[in-house]
Amino acid sequence: MSANKCRCKFFSFLLTLLISVNGYAFEAGDWLIHLGAASVQPNDSSSALKLEGTNLEDLGLGLPRSKASVDSSTQIGLTIVYMVNSNWGVELLAASPFKHDIKAEGLNLKAGSTKQLPPTLSLQYYPMSASSGFQPYIGLGLNYTIFFDEKVDGELDGAIDSLNGDVSGETELDLSNSFGLAAELGVNFEINDTWLINASIWYADIDTEATFDAPGLGDITADVQIDPWVFMFAVGYKM
């Protein structure tokens, strides 16, 4: 028998075993609390950086086309689920603040950093029998992302000083908050009647306008679509 066939049979057996495990029923009024590591992985894109509405490369300053990008961040994630009945639940996703570095791609500069909180409220559907110990689910909801503690990096400040003749004053960064849809896939695997293991993934529609207020130059802006995948692996408690 080939190695591929062996692997296929093993995973098929494992899946059958998980589905057939007798669990401790999810019931109306149950609360599920998941705590673990949550990682935000931006699937970002951005408009060109503009100075007072004009693309930087069109200013005649010899600047290349540039846009903003956002890096990944991992923090402590928390979800709280209220079971309306054995098949439907309402979930709130929260986390400790995620910190993201922002780069000016094309200029090859560190532009700044920001922190954000992404509270997300979702309606979940659990298709399996309530007594199954293997409980996959899907969810759809709304995300509201709050940006705060925005900071401008010294690299960008230095580049702006070289353009504006070192006008006094520091560049400031502001990111607009975002409101959008979020979709979710997840699974609970029950260990006993109170403890479980959880894995979940979200895709969230997060858009923001980044504004760098540069003294002596004006506002440098970009529309940024962060649209991250959020992965979470957690330990859960049912009560």
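Minimum heavy-atom separation, S47 to K67: O-CB, 3.4 Å. P42 approaches D71 most closely through the heavy-atom pair CG-O, 3.4 Å.
Partner of K50 under the side-chain contact (heavy atoms from CB on, under 4.5 Å) criterion, out of D223, T221, I220, D58: T221 alone. The side-chain contact (heavy atoms from CB on, under 4.5 Å) test with F212 singles out one residue from D219, L51, L156, and that residue is L156.
A distance-only check finds a donor-acceptor pair linking the side chain of S178 to the backbone of D207 [under 3.5 Å]. Side-chain N or O atoms of N43 include none that pairs as donor or acceptor with a backbone N or O of I226 at under 3.5 Å. Side-chain atoms of D44 come within 3.5 Å of backbone atoms of V70 as a donor-acceptor pair (strictly under, hydrogens ignored). Within the 3.5 Å criterion, the main-chain N or O of I206 finds a donor-acceptor partner in the side chain of D227. Between the side chain of Q135 and the main chain of S129, a donor-acceptor pair closer than 3.5 Å is present.
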Check against side-chain hydrogen bond (donor to acceptor under 3.5 Å, both in side chains), S96 and Q75: CA-CA 6 Å; S96 56; Q75 289 293 332; 3.0 Å; yes

T194 and N192: CA distance, side-chain angles, deciding distance, side-chain hydrogen bond (donor to acceptor under 3.5 Å, both in side chains) verdict: CA-CA 6 Å; T194 55; N192 54 37; 3.2 Å; yes

side-chain hydrogen bond (donor to acceptor under 3.5 Å, both in side chains) assessment of Q41 paired with S39: CA-CA 6 Å; Q41 305 284 329; S39 182; 2.6 Å; yes

Chi angles and distances behind the side-chain contact (heavy atoms from CB on, under 4.5 Å) call for F26, E190: CA-CA 10 Å; F26 286 180; E190 295 184 279; 3.4 Å; yes

Intermediate values then yes/no, side-chain contact (heavy atoms from CB on, under 4.5 Å), V187 and N198: CA-CA 6 Å; V187 62; N198 173 267; over 6 Å; no

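Under the rule for a ring pair (Phe, Tyr, Trp, His ring centres under 6.0 Å), F233 has no partner lying at least two apart in sequence or in another chain.
Between L121 and L142 there is no side-chain heavy-atom pair separated by less than 4.5 Å. Within the 4.5 Å cutoff, the side chain of T114 has heavy atoms near those of the I102 side chain. At a threshold of 4.5 Å between non-hydrogen side-chain atoms, the residues L35 and Y237 do not count as touching. In this structure, the side chains of V40 and T74 stay at 4.5 Å or more apart for every pair of heavy atoms.
L109 and L175 fall within a single hydrophobic cluster, where Ile, Leu, Val, Met, Phe, Trp and Tyr are joined by side-chain heavy atoms under 4.5 Å apart, directly or via other members. Under the 4.5 Å side-chain contact rule for hydrophobic residues, L92 and L181 do not share a cluster.
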Show me the side-chain donor-acceptor pairs of residues 76-87 shorter than 3.5 Å, one per line, residues at least two apart or across chains.
{"unit_1": "T79", "atom_1": "OG1", "unit_2": "H34", "atom_2": "ND1", "d": "2.8"}
{"unit_1": "N85", "atom_1": "OD1", "unit_2": "N87", "atom_2": "N", "d": "2.9"}
{"unit_1": "N85", "atom_1": "OD1", "unit_2": "W88", "atom_2": "N", "d": "2.9"}
{"unit_1": "N87", "atom_1": "ND2", "unit_2": "Y126", "atom_2": "O", "d": "2.6"}

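One side chain, S176 or T208, offers a donor N or O that lies under 3.5 Å from an acceptor on the other.
Among pairs with a residue in residues 105-131, those fulfilling salt bridge (charged side-chain N to carboxylate O under 4.0 Å, His left out) read K115-D149, at least two apart in sequence or across chains.
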